[in-house]
Amino acid sequence: MQAKAAVNQKSGNTLNNAFASHFAKSMFLSVTALAILSFIGTRMFTHVDLNLYGYMVGTIVFIGGFFYRFIAWGERPPTKLILKKGLKLLFRKSTPKTSVEHLATYNFIWNRGIYRWTQHVLIGWGCILSCFVTFPLVFGWMYFTMDNNGHYNIIAMGMKVMTVPAEGIIANLSYNALNITAVMVIAGVCMALYRRLKNMQARAEQKFLYDFLPLYMLLLVSITGLALTFMNIFLHGAGQPAMSLIHQWSVIITLIYLPFGKLAHIPFRPMSVLARNYREHYAEQGMKECKVCGDQFVSIEQSKDVVDVLGVNTIEFKAKEGHHLAEMCLPCRRKYRIAQFSGFPTHEVKVKEANQNAKG
Amino acid sequence: MKKRLYLELENCIGCRSCLAACTQCGGHEERNRNYVYDVNPLVNRQTMPLMCLHCENPACARSCPAQAIQIHETGAVLSALVEKCIGCQNCTIACPYGIPKFDQEQNIMYKCDLCIDRTKDGIPPMCASVCPSNTLQWLTDEEIENKKKQFNLDNGKWVTSMPYLEGETNVKVNLPGILQGITKLF
Ligand code: HEM
Ligand code: SF4
Ligand code: SF4
C-alpha cells in the first residue's frame, strides 16, 4: 500500500518539476567532471589537441541529450520502480556474473542465433573499443610523446605509464586500434543490413529514422575513419583535412542521435541486470500463488508492483471474484477470459492447457 | 479503408490453422503467439481462439519499464523491440488476458503484433487469412456494423467489448449465436 502511495505521489508532480532541476544538476556535474579530468589529464591544458575540438563539443551536446532522455524515461512509474529497487539490490552475489553475461558476452543474443550474436559482438565491441581509445585522446586523458631513441611514451592522466618501441607490437596495435575496430563495425553493420534483406523479422518493424539511420551512421563513421588511415599511408595525406572534417561530423551526428534512436539501448541496457536481480531477489522472498490453480508464477513483490503501476495509469483489472487479474497465472488468466465469453468456468476445470504450440 | 480483426468465437472448430499460420509470419521465427482453448475439455468439443486484442490503453505497454512495446499508428500493439526488452516480464503479469509469451533463454518477450508488416498495408493477418470457419475475419467498421444489424440482437447484447473485456480494444470480439441462444456449445 505504501509503495502505491509513493508511486502515486511521484507521478503527480509531473516531469517538468523534477525535470529542470535533475537535468540541470546532472548536466552541471558531468561537465564539471569532464573539465576537471581534462584539466588534470592535459597538465593544466598544456596538451590539448585542437584537431579534436569538434569531438569535445559533440560529446557535451551528447551528454545534454542523454540526460534529457534518461531523466524523462526514469520518471515513468514502471521504470522508476525497477531502477529504485534494482539499485538497492546491486550488490547481490550474482551481479558480476549477470553483468558479464548481459553486457559483455551477450549470451542471450547467442540463444537468439549465432548470426545475430556475431553481428552484435562485432558492432558492440567495435564501438566500445573505439570509445576506449578515442575518448581519452579527445579529453587529453591519454596522449603519446616520443623520445629521441625511437620509443613512445604512453601518458595517461598526466603520468607516464609505459614506454614502448615505436615499431613494437604494442605500438602497432595502438596505431591500428581504430582501424581494427572500424573493420569490426563495418563487418557487423553489413551483417545487419544483409539480415534486413533476408530475414523478415528485421524487416517488419523498420522505420528509416529508427532502424536504418543508426546503421548508416555507424558505417559512415567507420568508413571515413578507415579512409583517413588510407590517405595518410598511401596518398601521403592528400585530402586528409576534408576527410577529417567529414569523419568528425559523422561522429558528432551519431553521438547526438544516440540518445533518441535505436542506439539508445546502449546506455539503457544495464537495466537488464537490475531487472534480473529484482526478479531473483524477490523470487527468493516469496512467490505468488495463482488464485485459481495455486501455481507459483511470479514473486509476490512483482505482482504487487505491477498492480500498483497499472493503478497509476488508472488501469484496474478486478475480477468479479474479488482479486486482481494479475493474481492469476497466465494459463488460468487466459482460460478465465474464455470463461467470460462462454459463460462456462473453463478455468475451474482441472485440465492443463494443451496443444498450444504449433510446430512451424 | 481501415479494417480490423473481428472474432466470432463460437464458429471455431479447433483446427488450429491460426496457430500454424502464425508461426509463418515474417519475424515470428516459427513460434505461434496465439491460443486456442477447449471451453469444457472433459465434456464437449467447443473451442475458442484467444489472441492479443490490441487494447486501446494497453496494460502491457504501460507496465514496461523499457518502453519496448510500441503502439503502431494503426493501433496495433507491437511485440517487444529486440534491443530494448530487458526481460523483466512485467508485461506478462499486466496483460489482463495473459497474452505475452516470454523466452527465458533469449531473455525477451514476444507477442502478437497483428502481423504488422501485412496489416499496415491492409493485408489481413496470417490467422485471419487461413481461418476456415470465419471465426477470424478482417473487416471494415461498416461491415461489422452490418453484422450487428443482421444478428438483430437486443440492445447491450452485441458484445464487442465490455463487460466481456476489460477495456476498449482494436480487435472486436463477438459470439452472436450464443448470445441469441440459437447456437449451443459443441
Ligand atoms: C551495453 C551492452 C549492450 C547490450 C546489452 C546490447 C544489446 C542489444 C540487443 C539485445 C540487441 C538486439 C539484437 C538481436 O536480437 O538481434 C542489440 C542490437 C543492436 N546493438 Fe546493442 N547492445 C549493447 C551495446 C551496443 C553497442 C556499444 C553498440 C554500438 C553502437 C550496439 C549496437 C547495436 C546495433 C546497431 C543493434 C541493431 C542490430 C540490428 O538492427 O540488426 N550495441 N543490442
Ligand atoms: S491484450 Fe494484452 S498483450 Fe494485447 S495489447 Fe492488451 S494488454 Fe497488451
Ligand atoms: S519483459 Fe520486456 S517487453 Fe515485457 S515489460 Fe519487461 S522489458 Fe517490457
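In what follows, chains are A, B, ... by sequence order, proteins preceding strands, each numbered from 1.
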Task: Neighbours of chain A found in residues 50-60 of chain B - heavy atoms under 4.5 Å - done: Leu50(B), Asn57(B), Ala59(B)

Task: Side chain proximity check, Arg16(B) to Asn355(A), heavy atoms < 4.5 angstrom - done: yes

Task: Under 3.5 Å donor-acceptor, Gln67(B) side chain and Thr79(A) backbone - done: no

TODO: Pick one of side chain, backbone, both or neither for Cys85(B), based on which atoms fall under 4.5 Å of a heavy atom in chain A.
DONE: backbone

Task: Heavy-atom proximity to chain B below 4.5 Å, by part of Lys288(A) - done: neither

Task: Interatomic spacing from OH in Tyr97(B) to CD in Gln340(A) - rounded to 0.5 Å - done: 10.0 Å

Task: Contact origin within Gln89(B) toward chain A - heavy atom pairs under 4.5 Å - done: both

TODO: Answer yes or no: is there a donor N or O on one side and an acceptor on the other, between the side chain of Glu105(B) and the main chain of Phe108(A), under 3.5 Å?
DONE: no

Task: Residue-level contacts of residues 266-275 of chain A with chain B, using a heavy-atom cutoff under 4.5 Å - done: Arg269(A), Met271(A), Ser272(A), Ala275(A)

TODO: Side-chain contact test, heavy atoms from C-beta onward, threshold under 4.5 Å: evaluate it for His120(A) versus Glu83(B) and give yes or no.
DONE: no

Open item on the list: Quick one, Gln356(A) and Leu19(B) - any side-chain contact, counting heavy atoms below 4.5 Å?
Closed with: yes

Open item on the list: Tell me whether Arg333(A) is salt-bridged to Glu166(B), with the criterion being a basic N under 4.0 Å from an acidic carboxylate O.
Closed with: no

Open item on the list: Quick check for you: among Ile99(B), Asn34(B), Ile108(B), which has the greatest number of heavy-atom pairs under 4.5 Å with chain A?
Closed with: Ile108(B)

TODO: Using a 4.5 Å cut-off on heavy atoms from C-beta on, say whether the side chain of Asn107(B) contacts that of His102(A).
DONE: yes

- [ ] Verify, without hydrogens or angle tests, whether Arg334(A) (side chain) and Gly98(B) (backbone) share a donor-acceptor contact under 3.5 angstrom.
- [x] yes

TODO: Determine yes or no for a side-chain-to-main-chain donor-acceptor pair under 3.5 angstrom, with Arg76(A) supplying the side chain and Cys64(B) the backbone.
DONE: yes

Open item on the list: So which atom in Asn90(B) and which in Pro78(A) form the shortest heavy-atom distance, rounded to 0.1 Å?
Closed with: ND2-CB, 4.4 Å

Open item on the list: Measuring from atom CD1 of Ile86(B) to atom OH of Tyr278(A), what distance do you get when rounded to the nearest 0.5 angstrom?
Closed with: 10.5 Å

- [ ] Could you tell me whether the side chain of Phe341(A) reaches within less than 4.5 Å of the side chain of Leu165(B), counting heavy atoms only?
- [x] yes

TODO: Might you point out which heavy atoms bring Asn111(A) and Gln106(B) nearest each other, and give the distance in Å?
DONE: O-NE2, 3.2 Å

Task: Residue among Leu330(A), Leu325(A), Val306(A) with most heavy-atom pairs under 4.5 Å to chain B - done: Val306(A)

Open item on the list: Report which part of Ile93(B) has an atom under 4.5 Å of a heavy atom belonging to chain A: side chain, backbone, both, or neither.
Closed with: both

Open item on the list: Quick check on Cys91(B) against chain A: is it the side chain, the backbone, both or neither that has a heavy atom closer than 4.5 Å?
Closed with: neither

Open item on the list: Within a 6.0 Å radius of atom NZ on Lys352(A), are there more than 12 heavy atoms belonging to other residues, nucleotides or ligands?
Closed with: no

TODO: Heavy-atom pairs under 4.5 Å with chain A are the metric here; pick the option from Pro96(B), Cys95(B), Cys115(B) that has the most.
DONE: Pro96(B)

- [ ] With a 4.5 angstrom heavy-atom cut-off, could you sort out which part of Arg279(A) is near chain B: side chain, backbone, both or neither?
- [x] side chain

Open item on the list: Between Val82(B) and Arg112(A), does the side-chain contact (heavy atoms from CB on, under 4.5 Å) criterion hold? Intermediate values first, please.
Closed with: CA-CA 10 Å; Val82(B) 289; Arg112(A) 296 178 190 181; 3.7 Å; yes

Task: Nearest-0.5 Å distance that lies between atom CD in Glu348(A) and atom CG in Asn40(B) - done: 11.5 Å

